[in-house]
Visitor: 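Have a look at this one before I ask anything.
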Amino acid sequence: MTVAAAELLDYDEVIARYDPVMGMEVHVELSTATKMFCGCTNEFGGEPNTQVCPVCLGLPGSLPVLNQSAVESAIRIGLALNCDIAPWGRFARKNYFYPDQPKNYQISQYDEPIAVNGYLDVPLEDGTTWRVEIERAHMEEDTGKLTHLGSDTGRIEGATTSLLDYNRAGVPLIEIVTKPIEGTGERAPEIAKAYVTALRDLLRALGVSDVRMDQGSMRCDSNVSLKPKGATEFGTRTETKNVNSLKSVEVAVRYEMRRQAAVLEAGGKITQETRHFHEDGYTTAGRSKETAQDYRYFPEPDLEPVAPSAELVERLRGTIPELPWLTRNRIQQDWGISDEVMRDLVNIGALDLIAATVEHGATSDAARAWWGNFLVQKANEGGVELEALPITPAQVAAVVKLVDEGKLSNKLARQVVEGVLAGEGEPEQVMTDRGLAVVRDDSLIQAAVDEALAANPDVAEKIRGGKVQAAGAIVGAVMKATKGQADAARVRELVLAACS
């Protein structure tokens, strides 16, 4: 049963009549050097079909070899999610035909996942937390990428041509599946977004993935069902696939709740199916949802079981960092900044960069000023993420040090940073090569002051007459003559001395 946008049930009415039940499935590509079962490069953005080999293309006679680094990353993810790590488990073949899976099956874990029965305490904006229980985290390989041409939506419907890129086929993938999330009421969309946000932050802190939702290295499938108030049985669920932004997770859950409620109120039934999310804020039907039996799982005969030792698990447990939101709370207190400022720094991706700059010797105020203003502007101009700029926290700290030592003014420091971004070398080298160091020679500054006073006798006369504020015009002329390299405070002192 199709529901038009105008027929969606009002959200308050949904909450009054139904209890939402959610389940989140998040797929995370690992940042290993090579793929899951072969030695092909695991790198985003390569020329199509250049990072492939007989193994990830599924050619006859090729055999998979398990990536040890991927297994260790999976264990660390499980530990960070408070899961039990399985002492023994096998891979399975998940059989289905899709053109983006060369072998016509996917190597995955079925009934013996690497991590089970965990939880994540998710921080919410009001300062409370919500515990999301984790059912499992299992290892598998990603599929290739399909690009559909000729349709208005970029989907297969209406397309005239489909292109296949197998570079992504075989990339290590971890699927993290929650247990049913109940009792959220009207906060269901908010909690869904908060969970994916917290999971993204945690995985980034672990260093196991770049979690770039815009590039598909983190993808969320949101399962939603409704049950009438007072009912005990879950309703029929839908699964909205590959939601690729945090905001979209919230929008998709809210839309499905309103759509399903409208169908039920009209006497219809919910179809168990996958659904496509559209960036305009709605979902459309995909395909009927398969069951485990449809995939005909059986043990993968070409891979040995995974049996991590207790010693390995404990060693990896020692590498789990502080939870990122606890780190943020500590940093916020240390820096004495407001919730709003902290939220802004997190949203622009500056917090870790600022913290690293402070570790290299800069003050938090100076580090925030650079990353939160000048450098974020440069990132926006270049259309890149802040962390993708070709400058390191150590280099920013070096610029701050040059300013603190009086070797650079703030204006000259910006030119030095531009030189670093242009690949001209380290900050001090850029300063030297561009001749940007602050002029400290009083004789040179005095000559420029005398010349400016001679060129502006009326201004000089005003200063001599007691109008000290007129000195600004002479200071400006001197700064211009010295290309901004004079110490403005010292220039002002010499101007006033000359007119006394």
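The residues of the chain are indexed from 1 along the displayed sequence.
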Visitor: Output the distance between atom CD (E190) and atom OG1 (T184), rounded to the nearest 0.5 Å.
Guide: 10.0 Å

Visitor: Report yes if some heavy atom in the side chain of R317 is under 4.5 Å from a heavy atom in the side chain of I75; otherwise report no.
Guide: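 No - every pair of side-chain heavy atoms lies 4.5 Å or more apart.
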
Visitor: For atom CD of E322, decide whether the heavy atoms of other residues, nucleotides or ligands shown that lie under 6.0 angstrom number more than 12.
Guide: yes

Visitor: Within a strict 4.5 Å, meaning less than it, do heavy atoms of the P308 and I114 side chains meet?
Guide: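 Of all side-chain heavy-atom pairs linking I114 with P308, at least one is under 4.5 Å.
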
Visitor: Are the side chains of Y11 and R258 in touch, meaning some heavy atoms are under 4.5 Å apart?
Guide: yes

Visitor: If we only count heavy atoms from C-beta on, is the H276 to T283 side-chain gap below 4.5 Å?
Guide: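 Counting from C-beta outward, H276 and T283 never come under 4.5 Å.
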
Visitor: Given the rule in the side-chain contact (heavy atoms from CB on, under 4.5 Å) test, do L316 and L312 qualify, once you have shown the distances and angles that lead to the verdict?
Guide: CA-CA 6 Å; L316 294 176; L312 173 63; 4.0 Å; yes

Visitor: Please lay out, stage by stage, how R187 and D126 fare under the test salt bridge (charged side-chain N to carboxylate O under 4.0 Å, His left out).
Guide: CA-CA 12 Å; R187 303 187 74 177; D126 64 359; 3.2 Å; yes

Visitor: Begin with the C-alpha distance, continue with both residues' side-chain angles, and end with the deciding distance and a verdict on salt bridge (charged side-chain N to carboxylate O under 4.0 Å, His left out) for K378 and E418.
Guide: CA-CA 9 Å; K378 292 296 179 183; E418 287 173 345; 3.3 Å; yes

Visitor: Please test S217 against D210 for side chain to side chain donor-acceptor pair (under 3.5 Å), starting from the C-alpha separation and ending with a verdict.
Guide: CA-CA 7 Å; S217 55; D210 64 10; 2.6 Å; yes

Visitor: Output the distance between atom CD (Q332) and atom OG (S364), rounded to the nearest 0.5 Å.
Guide: 12.0 Å

Visitor: If you compare all heavy atoms of N49 against all heavy atoms of V52, which two are closest, and at what distance to 0.1 Å?
Guide: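 Result for this residue pair: O-CG2, 3.6 Å.
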
Visitor: Quick check on E186: does its CD atom have over 12 non-hydrogen neighbours (other residues, nucleotides or ligands) under 6.0 Å away?
Guide: no

Visitor: Counting C-beta onward and ignoring hydrogens, is there a side-chain heavy-atom pair between L389 and V384 closer than 4.5 Å?
Guide: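 Yes, close enough: below the 4.5 Å cut-off.
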
Visitor: Below 4.0 angstrom, N of the basic side chain to O of the carboxylate: do K145 and D165 qualify?
Guide: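 Looking at K145 and D165, the cut-off is not met.
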
Visitor: Check this for me, if you would: do R204 and D352 make a salt bridge, where the nitrogen-to-carboxylate-oxygen distance has to be below 4.0 angstrom?
Guide: no

Visitor: Over 60° means perpendicular and under 30° means parallel, so classify the ring planes of W370 and F374, tilted if in between.
Guide: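 Perpendicular.
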
Visitor: Only one of E175, E140, E141 clears side chain to side chain donor-acceptor pair (under 3.5 Å) with S108; which?
Guide: E140

Visitor: Test of understanding: with side chain to side chain donor-acceptor pair (under 3.5 Å), list the residues that count as partners of N82, not counting sequence neighbours.
Guide: none

Visitor: Could you tell me if the side chain of N117 sits less than 4.5 Å from the side chain of C83, heavy atoms only?
Guide: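 Not touching, per the 4.5 Å side-chain cut-off.
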
Visitor: For A398 and P427, work out which heavy atoms get closest and say how close.
Guide: CB-CG, 3.9 Å

Visitor: Go through it in stages, so that I can follow the logic: the residues are R168 and D100, the test is salt bridge (charged side-chain N to carboxylate O under 4.0 Å, His left out), and I'd like the CA-CA distance, side-chain angles, deciding distance and then a yes or no.
Guide: CA-CA 9 Å; R168 197 175 67 183; D100 55 0; 5.3 Å; no

Visitor: In Å and rounded to the nearest 0.5 Å, what is the CG to CZ distance from N242 to F277?
Guide: 12.0 Å

Visitor: Check the pair Y119 / V132 against side-chain contact (heavy atoms from CB on, under 4.5 Å), numbers first and verdict last.
Guide: CA-CA 6 Å; Y119 64 87; V132 174; over 6 Å; no

Visitor: Out of curiosity, S209 OG to L199 CG, how far, rounded to the nearest 0.5 Å?
Guide: 10.0 Å

Visitor: Where is the tightest heavy-atom contact between K35 and Q51, given as atom of each residue plus distance?
Guide: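 That closest heavy-atom pairing would be NZ-O, 2.7 Å.
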
Visitor: Grab the two heavy atoms, one from A252 and one from S222, that are nearest each other, plus how far apart they are.
Guide: CB-OG, 4.3 Å

Visitor: Of the options D433, T432, V430, which is the one that meets V416 in a side chain to side chain contact (heavy atoms under 4.5 Å, CB included)?
Guide: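 Of D433, T432, V430, side chain to side chain contact (heavy atoms under 4.5 Å, CB included) with V416 is met by V430 alone.
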
Visitor: Kindly check if the number of other-residue, nucleotide or ligand heavy atoms within 6.0 Å of CD (E387) is above 12?
Guide: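 It does not: E387 CD has 12 such atoms or fewer within range.
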
Visitor: Could you point out which residue of L351, T357, L345 forms a side chain to side chain contact (heavy atoms under 4.5 Å, CB included) with W371?
Guide: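 Going through L351, T357, L345 one by one, the side chain to side chain contact (heavy atoms under 4.5 Å, CB included) with W371 is satisfied by T357 alone.
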
Visitor: Please report the interatomic distance NE2(H148) to OG1(T161), rounded to the nearest 0.5 Å.
Guide: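 Rounded to the nearest 0.5 Å, the NE2-OG1 separation comes out at 11.0 Å.
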
Visitor: Give the minimum heavy-atom separation between L421 and P390, together with the two atoms involved.
Guide: O-CG, 3.4 Å

Visitor: Tell me whether R212 is salt-bridged to D214, with the criterion being a basic N under 4.0 Å from an acidic carboxylate O.
Guide: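 So R212 pairs with D214 through a salt bridge.
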
Visitor: Assess the side chains of E25 and N223: does a donor N or O sit below 3.5 Å from an acceptor N or O?
Guide: yes

Visitor: For the side chain of Q109 and the backbone of M139, is there at least one donor-acceptor N/O pair under 3.5 Å apart?
Guide: yes

Visitor: Taking only Lys NZ, Arg NE, NH1 and NH2, and the carboxylate oxygens of Asp or Glu, determine whether R219 and D142 approach each other closer than 4.0 Å.
Guide: yes

Visitor: So, do E29 and I174 sit near enough that their side-chain heavy atoms are less than 4.5 Å apart?
Guide: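 Sidechains of I174 and E29: no contact.
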
Visitor: Examine distances only and state if a side-chain atom of S248 and a backbone atom of N244 form a donor-acceptor pair shorter than 3.5 Å.
Guide: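 Looks like no, no N/O pair under 3.5 Å.
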
Visitor: For I176 and I77, run side-chain contact (heavy atoms from CB on, under 4.5 Å): C-alpha distance rounded to whole Å, both residues' side-chain angles, the deciding distance at 0.1 Å, then the answer.
Guide: CA-CA 9 Å; I176 302 166; I77 291 171; 4.0 Å; yes

Visitor: For the pair D404 and K401, find out whether any cationic side-chain nitrogen is under 4.0 Å from an anionic carboxylate oxygen.
Guide: no

Visitor: Quick one: side chain to side chain donor-acceptor pair (under 3.5 Å) partners of E250, sequence neighbours excluded?
Guide: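 E250: no side chain to side chain donor-acceptor pair (under 3.5 Å) contacts found.
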
Visitor: Salt bridge check, E239 against R275: does any charged N sit closer than 4.0 Å to a carboxylate O?
Guide: no

Visitor: Q395 side chain to T392 main-chain N or O, any donor-acceptor pair under 3.5 Å?
Guide: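 Side chain of Q395 to backbone of T392, a donor-acceptor pair under 3.5 Å: yes, one is there.
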
Visitor: Checking L120 against L202 for the side-chain contact (heavy atoms from CB on, under 4.5 Å) test, could you report, in this order, the C-alpha distance in whole Å, the side-chain angles of both residues, the deciding distance, and whether it holds?
Guide: CA-CA 10 Å; L120 183 62; L202 178 61; 4.1 Å; yes

Visitor: For C56 versus P102, what's the shortest heavy-atom pair and its separation?
Guide: O-CG, 3.5 Å

Visitor: Determine yes or no for a side-chain-to-main-chain donor-acceptor pair under 3.5 angstrom, with T128 supplying the side chain and L124 the backbone.
Guide: no

Visitor: Do other residues, nucleotides or ligands put more than 12 heavy atoms under 6.0 Å from the CD atom of E340?
Guide: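 For E340, atom CD is not crowded (no more than 12 foreign heavy atoms under 6.0 Å).
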
Visitor: So V26 and Y195, do their side chains get closer than 4.5 Å, heavy atoms only?
Guide: yes

Visitor: Quick check against the 3.5 Å criterion: does N410 have a side-chain atom that pairs as donor or acceptor with the backbone of V403?
Guide: no

Visitor: Main chain of T50, side chain of N167: is a donor-acceptor contact present, judged purely on distance under 3.5 Å?
Guide: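 Yes: the side chain of N167 pairs with the backbone of T50.
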
Visitor: My understanding is that only one of V420, V399, L353 makes a side chain to side chain contact (heavy atoms under 4.5 Å, CB included) with I391; could you say which?
Guide: V420

Visitor: Has the side chain of S162 got a donor or acceptor atom that lies under 3.5 Å from a matching backbone atom of T147?
Guide: no

Visitor: If you round to the nearest 0.5 Å, how far is CZ of R328 from CG of D339?
Guide: 11.5 Å

Visitor: Should the heavy atoms of other residues, nucleotides or ligands under 6.0 Å from CD of E428 be counted, would the total exceed 12?
Guide: no

